[in-house]
Structure formats: structure tokens, C-alpha cells
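Every chain is numbered from 1, with letters handed out A, B, ... down the list of sequences. Predicted model, so just to flag it, every value in this text is computed and none were measured.
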There are 2 protein chains.
Amino acid sequence: MSTVGKALSLLDKLSQLNAEPGLTDVARLCGLDKATARRLLVELEKHGFVEQDPETRKYRIGSAPVRLARVREARYPFLRIAVPFVRELAETSEETVHLAEFSGGALSTIHVEDSPRAHRVIVEIGTHLPFHATASGLAYLAFSGKKQIELALSQPLESFTEHTVTDPAVVRKMIDETIARGFSISSQGLEVGVVSTGAPILSPTGQPIGSITIAAPLVRANAATLNGFGAIVSAAAKRISEKYYGSERPMGTATQARGTG
Amino acid sequence: MSTVGKALSLLDKLSQLNAEPGLTDVARLCGLDKATARRLLVELEKHGFVEQDPETRKYRIGSAPVRLARVREARYPFLRIAVPFVRELAETSEETVHLAEFSGGALSTIHVEDSPRAHRVIVEIGTHLPFHATASGLAYLAFSGKKQIELALSQPLESFTEHTVTDPAVVRKMIDETIARGFSISSQGLEVGVVSTGAPILSPTGQPIGSITIAAPLVRANAATLNGFGAIVSAAAKRISEKYYGSERPMGTATQARGTG
DNA sequence: AAGCACAGGTTCAATATATGAACCATAAGC
DNA sequence: GCTTATGGTTCATATATTGAACCTGTGCTT
């Protein structure tokens with residue numbers, strides 16, 4: 001792998017952790033030598049992608065991505081468009097709803113709206129969602145090309161709970177069902193006691209760019225409920241796509257008015 | 001410079017452009033060979049930091065930074081804390097207000113709230129703010145250490161308008177005035193006809209982490225107005241700092257509840 | 001339609017850069 | 001005061017990066 005690739009993977013790993021790692025942790029988690037990890041961290045820090053706590057010497061994501069994200073969202077306002085629909089869905093379903101985007105070969109959570117109920121599913125932002133074990137992943141795969149499916153199923157399928165489907169043939173069947181239904185269902189694939197209903201967000205070419213998913217405690221979700229969720233989540237996905245690709249889309253000759261500070 | 005540094009600089013350049021560049025443009029702008037630029041772009045694309053438009057073959061910022069930014073903001077919610085104050089300031093001042101953060105050796109705009117008036121100053125998100133030519137930069141420098149000031153003033157000071165102060169001695173004087181006043185003023189330093197009033201946002205150690213600035217058309221701003229702006233912008237900066245460092249600050253043992261999709 | 005100019009993209013020998021085992025320094029635990 | 005952690009550094013070696021020259025396709029000119 002190129003050095004740049006290693007640095008970006010490091011950044012990705014850093015974003016997945018739920019505690020700030022030290023140098024040794026980073027090296028171990030990324031499978032790098034301590035010296036290499038350090039050089040990468042220093043380089044990333046120079047550019048603001050990583051911050052080191054001056055006291056604890058632990059590392060964390062820096063503020064540079066925030067600036068890049070703002071620029072990206074100013075031109076391609078995926079979150080700005082999608083979040084209101086996620087919120088609406090969370091209100092009507094009374095369950096936790098999350099939005100994921102495909103990026104860098106994986107599907108990752110970029111927004112979550114919690115269920116108003118006390119007993120609810122918690123989803124963390126930044127989580128990678130395995131294709132075979134989540135409704136988001138299945139929804140994404142189902143509407144991707146054949147080669148994307150092959151790629152995903154040719155890798156070893158990790159088991160997260162005793163209910164995780166790890167047989168590629170069975171996953172394939174779930175994908176077929178997802179295509180037939182128009183939405184995906186994953187029961188306890190990643191977490192025990194949780195069932196999710198997801199739909200892909202498609203670009204005008206039909207390529208999925210992400211997904212929107214309702215995650216509910218298993219005890220609250222019977223077949224009828226899930227079908228209801230499937231209908232509303234599919235509708236929301238479609239409306240997000242229409243709004244994202246329909247209106248907006250500026251670019252080209254920007255205003256060029258340089259501001260001042 | 002390390003390869004990683006080049007890749008990150010490329011990303012930074014990409015975020016500063018107001019139109020999507022092609023391969024040749026990227027190479028030229030970053031001072032790289034076409035082959036090198038391509039390799040970096042491909043590597044960045046693999047990880048979702050860059051996207052290539054499949055039709056026009058132009059490059060743009062990808063969605064990976066959005067995910068990283070969400071993770072960062074979930075733990076260090078600078079924008080979430082600061083934006084309401086920026087908005088309030090824009091309403092009371094009736095002028096454009098923008099928020100900048102220091103990252104990767106430069107001060108960059110990360111949020112803007114426009115003036116409600118028809119005749120208003122436009123600030124673009126992602127803009128780098130030169131230290132000597134903007135109120136944001138002066139406010140930042142004034143409360144930084146001596147070595148930061150030396151570093152900034154030892155470099156050639158670019159001239160953006162006929163009013164830009166490019167004499168280090170004069171800039172030093174403006175910095176002293178900023179310290180005395182508690183806020184900075186920059187008149188037409190970056191853009192003709194615009195005057196700005198800025199204050200630094202300080203960490204508990206006294207180190208500035210960013211700035212908040214009111215930018216007004218020169219014709220609307222007399223000395224009294226500017227003093228008024230200075231007072232409210234300083235107050236806002238202080239309140240942001242207190243709220244950002246005061247409450248929140250979680251980390252440590254996160255909930256560890258892995259969500260599902 | 002032949003010729004030209006310029007775009008994106010690729011190749012491979014030369015070379016600069018990244019790597020990692022061994023190292024030092026410091027702190028905590030016993 | 002010894003052991004075992006940590007963060008951090010060094011430098012000969014190994015490897016990834018570089019860029020001039022090279023395709024290839026597209027659109028414009030003649």
C-alpha cells in the first residue's frame with residue numbers, strides 16, 4: 001500500500017475508535033511500526049487532520065476535515081438535504097433512524113436521529129456498516145452492480161452475533177428478497193435484539209450512494225411493523241434522492257466574490 | 001515534503017478552488033508532475049477523500065471528510081456550540097459574520113451567516129484568511145505567542161488591495177492596537193470596500209483556536225459602529241469559548257453500544 | 001478528413017523517500 | 001532499584017515515488 005493510503009487508513013481507524021489512542025495503540029491498530037505511525041501522525045498533524053493532546057499525548061481527529069466537509073457540503077449538500085427526512089422518519093416511526101454514505105469502499109454512518117423512546121437503539125456516527133450484516137449494507141448491495149456483490153461476498157464474512165448470516169449463498173438470497181421487496185431487513189445481524197429496515201439512496205444513474213435505515217428493538221417489531229417501516233423508509237430514500245439530484249447542483253462558475261476577514 | 005504532505009496539500013488546494021479542476025489543473029496548482037498528481041488523486045479517491053466526476057473527469061472533494069467531521073464534531077462540537085452565537089451576531093449587527101478555525105498552519109473560514117441586507121459582504125466557506133490582511137488573522141496573531149507572530153511576519157506579506165498593509169512594522173503596530181482594544185479591525189485589507197472587526201476564540205490556556213468576525217461594507221461603518229461591533233464580537237468570542245470548554249468534553253469511556261444497520 | 005493541439009492517463013529506470021530493528025528517556029508498579 | 005510499560009528517535013536498508021517521454025482520445029482548424 002502507498003504511504004498516502006496508510007495515512008488515510010490511519011485517519012479512518014482513528015475515526016472508528018471511541019477513545020483516544022496513544023502512539024503504540026495507533027501503531028498496533030494500523031499494523032504499522034511505531035516509527036512509521038509516528039511519522040504519519042506528525043505529517044497529518046501538520047495539516048490539521050490529527051491533533052495530539054498536549055497533556056495526555058493521545059491522538060484524535062483534527063479540525064481540517066471539518067473545513068473540508070463544509071466545503072463539500074456547500075457544493076453537494078447531502079446532509080443538509082437528507083437530515084430533515086431522517087428526522088421526520090424518526091418521528092413517525094418512533095425509532096432510531098440513521099443515514100449512511102458509501103465512501104472509500106465502505107458504508108459509514110454519517111447521521112443519526114434517536115428514537116424518542118426510552119428503550120431505543122443507539123447508533124454511533126462514523127461506524128462502518130458491514131454489507132452482509134446490516135440492513136443498510138444489504139440495501140446498498142442489492143442495488144449495486146454484480147461485481148460489487150461478488151467483491152463483498154468474496155471476502156470472509158465476519159460474525160458479530162450468533163444470528164449473523166455468514167454463508168454467502170444465504171446473503172445472496174437476502175439480496176434477492178431485498179430487490180423483490182424494495183427494502184432490506186436485517187435481524188440481529190450486527191447487534192443482538194435489534195432489527196433494521198433499510199433502503200438505498202440512488203443516484204440518477206441508479207447507482208446507490210448511501211442508505212437510510214430504521215433500527216428498532218426486536219420486541220417492538222413484528223412483520224406488519226417491518227413492512228410499514230419498509231414502505232416509509234423507501235419513500236424517504238426516494239425523496240432524498242429526488243431533492244439531492246433534482247434542484248440544487250450549482251458548481252460551474254461560482255460567484256468568485258472573495259470575502260474578507 | 002513527504003508524500004503524505006503532498007496529498008494533504010492537494011486536498012487543501014482542492015477545497016480552495018471554486019470550480020472543479022482537471023488532472024492538468026491539479027498538477028499545475030500543486031506544483032506536481034501529472035503522473036504524481038494522478039497517483040495521489042487515485043489514492044485519495046480510493047479512500048473517499050476525492051471524487052472524480054465520471055462524466056467530466058474533473059476532481060472534487062469526496063465524502064470521507066464529511067464522515068470524519070461528524071466524528072470530530074460529535075466529540076468536540078465546535079460548530080454546534082459556535083454557530084448559534086454567529087447567527088445571533090449576524091442578526092444584531094445586521095452584517096455578515098464568519099467563524100474561522102486555525103488548522104494546518106492557517107486560519108480558514110468554517111461557517112458564515114449572511115447579513116440580512118441586500119448590500120452585504122459575501123464570505124466563502126473554506127477560504128484561507130491571511131494573518132496580516134484580515135481582522136480574523138490579526139485577532140488570532142495578537143493573542144498568539146511571539147514566535148507565531150514572528151513566523152507570520154517573516155514571510156512575504158502578499159498585497160490583495162491597494163490598502164493591504166504589507167509592512168511588518170505597521171502590522172506589528174496593528175497587533176499592539178488589537179491587544180489594547182481587545183478586538184481587531186482590518187479595513188480593506190483583503191477586499192476593497194470592506195471593513196472587518198474580529199476577536200479571537202481562546203482555549204483555557206489562552207491559546208487562540210480560531211476567530212469570529214463581523215464584515216461590513218465600508219460605507220455603513222463609522223468609528224462608533226466599529227467600536228460597537230468590537231464589543232459584541234468580543235463578547236460572543238468569550239461566550240463561545242466558555243461554552244465550548246465549559247460544559248461538554250466527554251471522551252474517556254464512551255458508551256461502546258455498537259449500533260446496527 | 002487530415003492535421004493539429006491539448007486533455008487525461010500510463011510506463012519504467014533513476015532516485016528520493018519510507019521503513020523498522022534497535023535505541024534512548026521517562027514514568028509507574030512492585 | 002529493578003521491571004515493564006509508555007512516547008519518541010536514529011540510520012542503514014529497502015521500497016515507494018518520481019517525471020520525461022510516451023500513448024490515446026477528443027475537439028477544433030484548415
Side-chain angles (χ1 to χ4, degrees), chain A residues 1-62 104-105 147 205 207 251-254, chain B residues 1-62 104-105 205 251-254:
Chain A
M1 193 194 282
S2 78
T3 321
V4 176
K6 281 172 203 156
L8 299 179
S9 298
L10 192 161
L11 214 49
D12 195 63
K13 267 280 181 307
L14 208 55
S15 78
Q16 302 250 301
L17 268 34
N18 40 28
E20 299 183 1
L23 173 59
T24 310
D25 303 315
V26 171
R28 185 173 32 79
L29 287 163
C30 301
L32 299 168
D33 187 86
K34 238 180 357 155
T36 304
R38 172 121 239 277
R39 262 179 330 100
L40 295 180
L41 284 165
V42 167
E43 204 63 37
L44 287 163
E45 188 175 24
K46 265 189 207 160
H47 293 261
F49 284 77
V50 155
E51 256 177 31
Q52 183 177 30
D53 192 302
E55 206 179 303
T56 66
R57 304 208 145 174
K58 305 285 187 193
Y59 296 91
R60 70 173 86 102
I61 297 285
K147 65 177 192 294
T205 66
Q207 171 67 22
M251 215 61 245
T253 48
Chain B
M1 192 197 282
S2 77
T3 320
V4 176
K6 281 172 204 158
L8 299 178
S9 298
L10 191 161
L11 215 49
D12 195 63
K13 268 280 181 308
L14 207 55
S15 77
Q16 303 250 301
L17 268 32
N18 40 30
E20 299 182 359
L23 173 59
T24 310
D25 303 314
V26 171
R28 184 173 33 78
L29 287 163
C30 300
L32 299 168
D33 186 85
K34 238 177 2 152
T36 305
R38 173 118 239 276
R39 257 181 334 100
L40 296 180
L41 284 166
V42 167
E43 205 62 39
L44 287 164
E45 188 175 23
K46 266 189 206 161
H47 293 260
F49 285 77
V50 156
E51 254 177 32
Q52 183 176 31
D53 191 302
E55 206 178 304
T56 67
R57 304 207 146 175
K58 306 285 187 193
Y59 296 92
R60 69 174 86 104
I61 297 285
T205 65
M251 215 62 245
T253 47

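Atom CD of Gln52(B) is separated from atom C1' of dA7(C) by 12 Å (rounded to the nearest Å). Atom CG in Leu10(B) sits roughly 11 Å away from atom P in dT18(D) (whole-Å rounding). Atom NZ of Lys6(B) is separated from atom C1' of dT17(C) by 8 Å (rounded to the nearest Å). Taking atom CG on Asp33(A) and atom P on dA16(D), their separation rounds to 15 Å, with Å as the unit. Atom pair Arg28(A):CZ and dG20(C):C1' shows a separation of 18 Å (rounding to whole Å applied). For Glu55(B) and dG25(D), the CD to C1' distance is 16 Å, given to the nearest whole Å. The nearest whole Å value for the distance from the CG atom in Leu32(B) to the P atom in dT18(D) is 8 Å.
Take the nearest nucleotide of DNA chain D for Asp25(A) and for Thr36(B): the residue whose nucleotide is more 5' is Asp25(A). Judged by closest nucleotide on DNA chain D, Thr56(A) is the one of Ser2(A) and Thr56(A) placed further toward the 5' end. Looking at which nucleotide of DNA chain C each of Ala35(B) and Gly22(B) is closest to, the 5′-most match is held by Gly22(B).
Within 3.5 Å, no donor on the side chain of Lys34(A) pairs with an acceptor on the base of dG20(C), nor the reverse.
With contacts defined as side-chain heavy-atom distances shorter than 4.5 Å, the pair Arg39(A)/Thr36(A) qualifies. Here the side chains of Asp53(A) and Arg60(A) are in contact, with some heavy-atom distance below 4.5 Å. Val26(A) is not listed as a side-chain neighbour of Lys13(A), based on a closest heavy-atom distance of 4.5 Å or more.
The side chain of Leu23(A) lies closest to dG8(D) when the candidates are dG8(D), dG20(C), dA20(D). Checked against dT19(C), dG20(C), dT17(D), the side chain of Thr3(B) finds its nearest nucleotide in dT17(D).
Residue Arg38(B) places at least one side-chain N or O closer than 4.0 Å to OP1 or OP2 of dT10(C). At dT18(D), one or more side-chain N or O atoms of Arg39(B) fall inside 4.0 Å of OP1 or OP2 (strictly under the cut-off). The phosphate of dG8(D) has OP1 or OP2 within less than 4.0 Å of a side-chain N or O from Tyr59(A).
Looking at Glu43(A), its side chain never comes within 3.5 Å of a backbone N or O of Ser2(B) through a donor-acceptor pair.
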* To do: Check the pair Lys6(B), Leu10(B) against side chain to side chain contact (heavy atoms under 4.5 Å, CB included), reporting the backbone distance first and the verdict last.
  => CA-CA 6 Å; Lys6(B) 281 172 204 158; Leu10(B) 191 161; over 6 Å; no
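When heavy atoms are screened at a 4.0 angstrom cut-off, Glu43(A) is found touching no nucleic acid atom at all. Counting any heavy atom pair closer than 4.0 Å across all strands shown, Lys58(A) reaches no nucleic acid atom.
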